[in-house]
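Heads up: the structure comes next, in structure tokens.
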Amino acid sequence: MSRIILHVDMDYFYAAIEEHEDPSLKGKAVVVCMYSNRGEEGGAVSTCNYAARDAGIHSAMPCRLAKAVKPDAVFLPVRKPFYSEVSDMIMEIIRSYADNDGELFEKLGIDEAFLEVTTTSGGDLDKAQQIAQSIKDDVKELEGLTCSVGIGPNKIIAKMASSRQKPDGITVIREDEVDGFLRKMPVAKLWGIGKVTEEKLAGMGIDIVEDLAGRDVQELISVFGKIRGTWLKMAASGIDDDPVKEKTSSDQIGRMASLTHDTRKSDLVLSLLDELLDDVFSKVTARSVSFRSITVTVIYSNFKTVTKSHTLNHPMAEKALLREVSYQIMGELLDSSTVNIRRIGVRVGNLHENKGQKTLAEFF
DNA sequence: GAACAGAAAAC
DNA sequence: CCTCCTTTCTGTTC
């Protein structure tokens, strides 16, 4: 029996929250920026509302460029923790409509989620559409925000359907419409295909999804490897068995940031590293986990990225140790190149729950 | 198999 | 000249 899956996608989430908080922003172009450590100079657009999009602004665009394009737009810094709280409320609303007592639910980032309603809807797409409308009504009433919903027989189709009518839309793709829905789409629109794959496919004369679906799996496997090759063939054919399943909590906690200016002076680099370490470690504490691996990332002036990691013999949650290892790795990276550094990052991984056991500090 | 580095993707 | 966070896969090495 075929499934009915909904993908709920919040409309211009960060900017919409800011508009809702401050109604005087309504009607203006609102651009929410992720500023780096470089003031006006650095930073990229995180989200912007439709007035800003009409002016040609889009996410990932450098903030200074957005400002040049539309100087009278309102530029706001991201308030991630606040958006996360709003997100939590919305996710609970969405989850309440998912099959199996909310179990067939999958959060996908801060502003979108999948839910399966095969059982609740009794397999009826009209009923599924009513559920989508109820979710939209609840989110609007309780949080004052709009969202767009895609409905399809699997996650890929639902996900792609939700972006069909935006903002504030519902798009249903029946099983017999899947082919027509996908056929003429550029391959880059397929969820899971990014810039690199798009270009590789273009080199093979594959531009739209039907070109891809028509290729021999073996050929795709020979170019992209077994897993990716079969995935491409299946996805392009509209087939996706991936279940809606809640992600287990993340296995990594990390932070990255830009230096105020490119440098390779160790005191400057290490003081930023200290800030990042503080943040990472407080998240580790908040989640009461231990970590077994530590990774330091360096992005040079020329944007070349290098990572170096170290694995501990046992999971630990000591700040001093984290700091020591990170300093050690960073020292090696600084010694291994004469190029200035633009950004750095630190990440702990291989996380283990601290169930019951005390930290060293508590022990004494 | 584990550890490590890098690539790719999406948020 | 460009933000930040996480996951997943691939290739290499031991």
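Order of the sequence lines sets the chain letters (A, B, ...), proteins ahead of strands, with each chain counted from 1. Values below: all heavy atoms of this structure, side chains included; hydrogens, waters and symmetry mates excluded.
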Atom-pair distance ([atom1] on [X]; [atom2] on [N]), nearest Å:
X	N	atom1	atom2	value
A:I193	B:dC11	CD1	P	14 Å
A:E198	B:dA10	CD	C1'	15 Å
A:M160	B:dA10	CE	P	11 Å
A:R64	C:dC1	CZ	C1'	9 Å
A:W231	B:dA10	CH2	P	8 Å
A:L312	B:dA3	CG	P	10 Å
A:H310	B:dA2	NE2	P	18 Å

- Query: Going hydrophobic residue to hydrophobic residue with side-chain gaps under 4.5 angstrom, can you get from A:I239 over to A:V217?
  - Reply: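 Not linked; separate clusters.
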
- Distance-only polar pair, side chains of A:E332 and A:Q328, donor-acceptor under 3.5 Å: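 There is such a pair between these side chains.
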
- Is the closest side-chain donor-acceptor distance between A:Y83 and A:E18 under 3.5 Å?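 A:E18 and A:Y83 do have a side-chain donor-acceptor pair below 3.5 Å.
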
- Task: Sorted by first residue and then second, give each salt bridge (Lys or Arg N to Asp or Glu O under 4.0 Å) pair with at least one member in residues 216-239 of chain A; sequence neighbours left out.
- Result: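 Sorted result for residues 216-239 of chain A: A:R215-A:E219.
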
- Within 45° of the axis and under 6.0 Å from the centre of the six-membered ring of A:Y327, does NZ or CZ of A:R323 qualify?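 Judged by the rule, A:R323 and A:Y327 form a cation-pi pair.
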
Examine [N]: is either OP1 or OP2 under 4.0 Å from a nitrogen or oxygen in the side chain of [X]? Give yes or no.
X	N	result
A:T295	B:dA5	no
A:R292	B:dA2	no
A:K308	B:dA5	yes
A:S46	C:dT3	no

- Could you pull out all residues at least two apart from A:L108 that satisfy side chain to side chain contact (heavy atoms under 4.5 Å, CB included)?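 Listed in chain order: A:H7, A:E106, A:E112, A:F114, A:K159, A:W191.
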
- Note on the structure: Letter by letter from the 5' end, nucleotides 4-14 of chain C scores (B base, S sugar-phosphate only, - none; protein heavy atoms under 4.0 Å) SSSB--S----

